[in-house]
Amino acid sequence: MLWFFTAIHPEAAPVLSHYAMKRTAGQFADIFRCDEAILVLTGSGLTHVAAAVAEAVTLVPPGPRDIFINLGICGAPEGYAFGECCRIHKITDAVSGRDFYPDLLADSAFREAVLTTYGKPCEAPETLADMEGSAFFETAVKAVPPDRIFLYKIVSDHGDTDALTPQAVTDLIGKALPGIIREAEQYASLLPEQDGLCREAKAAVDDICRLLDASVTMQSEITKLALYFELRDGNAAERLRAFLKEEGLSDGQPIRRKEGKLILERLRQFCLR
Amino acid sequence: MNDYVNSVSADGTTFRKAFSRVYAEEAALSYPRARKILDRLPGSTVIPIANYKNLFNRPNQSAVLQKQAPALILAVQKPPFLYPGAAVCQDFGERHFYYTSCIRNCPYDCEYCYLQGMYPSGDIVIFVNMEDVFAEITEVLTKHPLYLCISFDTDLPALDGLTGFLSDWARFAAANPSLLLEVRTKSAAVSAVSALPVLDNMIFAVTVSPEPVRERFEHRTPSLSARLKLVNTALSEGRQVRLCFDPMIKVRDFETVYGELFLTVRETVPTEKLRDVSAGTFRISADYLKHMRSHRPCEITAYPYTNTDGVYGYDTENVREMLSFARSRLMEMIPEERIFLSEELPKG
Ligand code: SF4
């Protein structure tokens, strides 16, 4: 799932229409959702952004392949063209002086750049400049690792924002959006799936726990052994069922815990064969 | 490549080339070593940083993924530069056993590597102020001799094409005979090693593993035959070479798999020329394993180890069997007093 975080509605508009999202609950932020994506309209300024990101991840816990994207316009020094979309590899918070580093582990189609986040508009930026990036990153990184935090900034001005209309902002974002979505989806496909046991293996673990009258500690041990089977041979369910058969427990009759402990020890030996 | 992550996405996207990003402390950039390294990485993006710890020690990093596309971090190391050897490491009977860490992290990606439990990042830090390390060693050498492992938290020869650090160490060792260096490696860095002067106080400790173990657990490492080529070249040049069968992994058919390794070594290496050999079974501190289990679920980390005084390993019976087997095979190649095992076994 892709998560988009934008400060203002004109930045959000192309994402909302691309995904045909619906608005859902949110106290500090407007949150919009569909099956493939979430958009969080954070508002401008460091405090609003931090509160909105924190609220969003509390309402919807991120999955292991989710990508967080901060998408917005920025000021830039000369040398960056109007409309140029950049991928940020370093963020400096101008107020605290702290630096933050998103990890760019796959190549980007966009020019890489440094972003400085200010508390108020910056009239003569020396790097790309915005009012959200550092707060977004600092809060987001508590929920997802830095390789899954993407910041894209699109140059809208060189320090003078007077002539910028909402429609111009929407157009700038809309133009860059397809490339951004492609890049984020491609990276997500490189990420590992959630680890753990498949449904069949979990059912086999449950059966063993019940049959052995397993305590909480024993249950945890059985689950760990099942995970070892799964990671070594990829067939935990099959191996666990084979063990039950070997122990004559396939008829489903539970035994006493004392005996269950002995069987657990045999399961350990069976697992190491 | 590691099974745990997908190296290529459905549409052909891959992780970036290693070191395509270089983070450099501003202070590090004034060192000639930093400049030389950067000259060897044309085309990399250089990102200035104030302090390497702000990057390397960040919480919540995807270290396993970073290993697929590691960034390079150039930094200036602060003292202390020498650390006493850990209890889980073999000291080869040396009294003043220390290690130093001029590079942190390794370009290889072994699933059992303790560095994954030790460091929060998969990126590689290179400290460019080796003169400061040399100064501290010189000071220590006025008090006692030193046995110093310089390739513990990395694989120095594997990175030598980039750093050239081996020749700095060789020069320093040549000038300090009471310093005994150990350079541990899984590399096949024949030309880097051959370019060095032959020194009695510089030991090349080459770790070898059976091919099935290497293929399954030691991602990106050179093949057994390539590592043995390094061993044989170094021996033919008259260098001090230690062969390490450590860690041995308890795989199915352990005796067949490792038996083949010992046989290959016996048939292809003039083992009488080896300084010594070491063997050990996989063992790791409980804290490191805990971290590795949550970050890298795999056959190695999920194994149901036994915890003995805060160190996880195979159970005593297995350890004894594995070490006895190794010792019996090693004794066919080298006198017993030159065999070092990770755990005492009854003689004979
Ligand atoms: S070669 Fe050694 S240091 Fe490098 S990854 Fe493997 S175990 Fe770790």
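A, B, ... follow the sequence lines: proteins, then strands. Residue 1 opens every chain.
There is no contact between Val114(A) and chain B, counting heavy-atom distances below 4.5 Å. In this structure, chain B has a heavy atom under 4.5 Å from the side chain of Leu225(A), while its backbone stays farther away. Within the 4.5 angstrom heavy-atom criterion, no atom of Arg148(A) approaches chain B. Only the side chain of Arg268(A) comes within contact range of chain B, with heavy atoms under 4.5 Å apart. With a threshold of 4.5 angstrom between heavy atoms, Ile49(B) approaches chain A through its backbone and through its side chain. Residue Lys17(B) does not touch chain A at all, counting heavy-atom pairs closer than 4.5 Å.
For chain A, the option among Ala50(B), Ala69(B), Ser20(B), Ser62(B) with the highest count of heavy-atom pairs below 4.5 Å is Ser62(B). Your options are Glu183(A), Glu230(A), Lys224(A), Lys90(A), and the one with the most heavy-atom pairs under 4.5 Å with chain B is Lys90(A). Ranking Asp147(A), Asp99(A), Leu104(A) against chain B, the residue ahead of the rest is Leu104(A), based on heavy-atom pairs under 4.5 Å.
We find that Arg58(B) and Glu138(A) are not joined by a salt bridge, their nearest charged nitrogen and carboxylate oxygen being 4.0 Å or further apart.
Side chains of Leu272(A) and Tyr303(B) form a contact here, defined as non-hydrogen atoms less than 4.5 Å apart. Between Arg21(B) and Asp103(A) there is a side-chain heavy-atom pair separated by less than 4.5 Å. You'll find the side chain of Leu105(A) reaches within 4.5 Å of the side chain of Gln66(B), heavy atoms only. Residues Val141(A) and Gln61(B) fail the side-chain proximity criterion, which asks for heavy atoms closer than 4.5 Å. Two residues are said to be in side-chain contact when any heavy atoms from C-beta on lie closer than 4.5 Å; Leu65(B) and Leu191(A) meet this criterion. Between Arg232(A) and Val251(B) the shortest side-chain heavy-atom distance does not fall below 4.5 Å.
Within a 6.0 Å radius of CD in Glu265(A), more than 12 heavy atoms belonging to other residues, nucleotides or ligands are found. Within 6.0 Å of atom CD in Glu317(B), 12 or fewer heavy atoms from other residues, nucleotides or ligands are found, so the atom counts as exposed in its surroundings. More than 12 heavy atoms of other shown residues, nucleotides or ligands fall within 6.0 angstrom of atom CG in Asp39(B).
Of all the heavy atoms in Ala302(B) and Leu231(A), the pair that sits closest is CB-CD1, 3.7 Å. Across all their heavy atoms, Tyr23(B) and Pro102(A) have their closest contact at OH-O, 4.1 Å.
Atom-to-atom distance recorded for Asp123(B):CG and Tyr101(A):OH is 12.0 Å, nearest 0.5 angstrom. In this structure, the separation between CG on Asp107(A) and CZ on Arg16(B) is 5.0 Å, given to the nearest 0.5 Å. For the atom pair CG (Leu227(A)) and CD (Glu299(B)), the distance works out to 11.5 Å, reported to the nearest 0.5 Å. The OH atom of Tyr187(A) sits 5.0 Å away from atom CZ of Phe15(B), with the distance rounded to the nearest 0.5 Å. Within the model, atoms OG1 of Thr45(B) and NE2 of His89(A) stand 7.0 Å from one another, a figure rounded to the nearest 0.5 Å.
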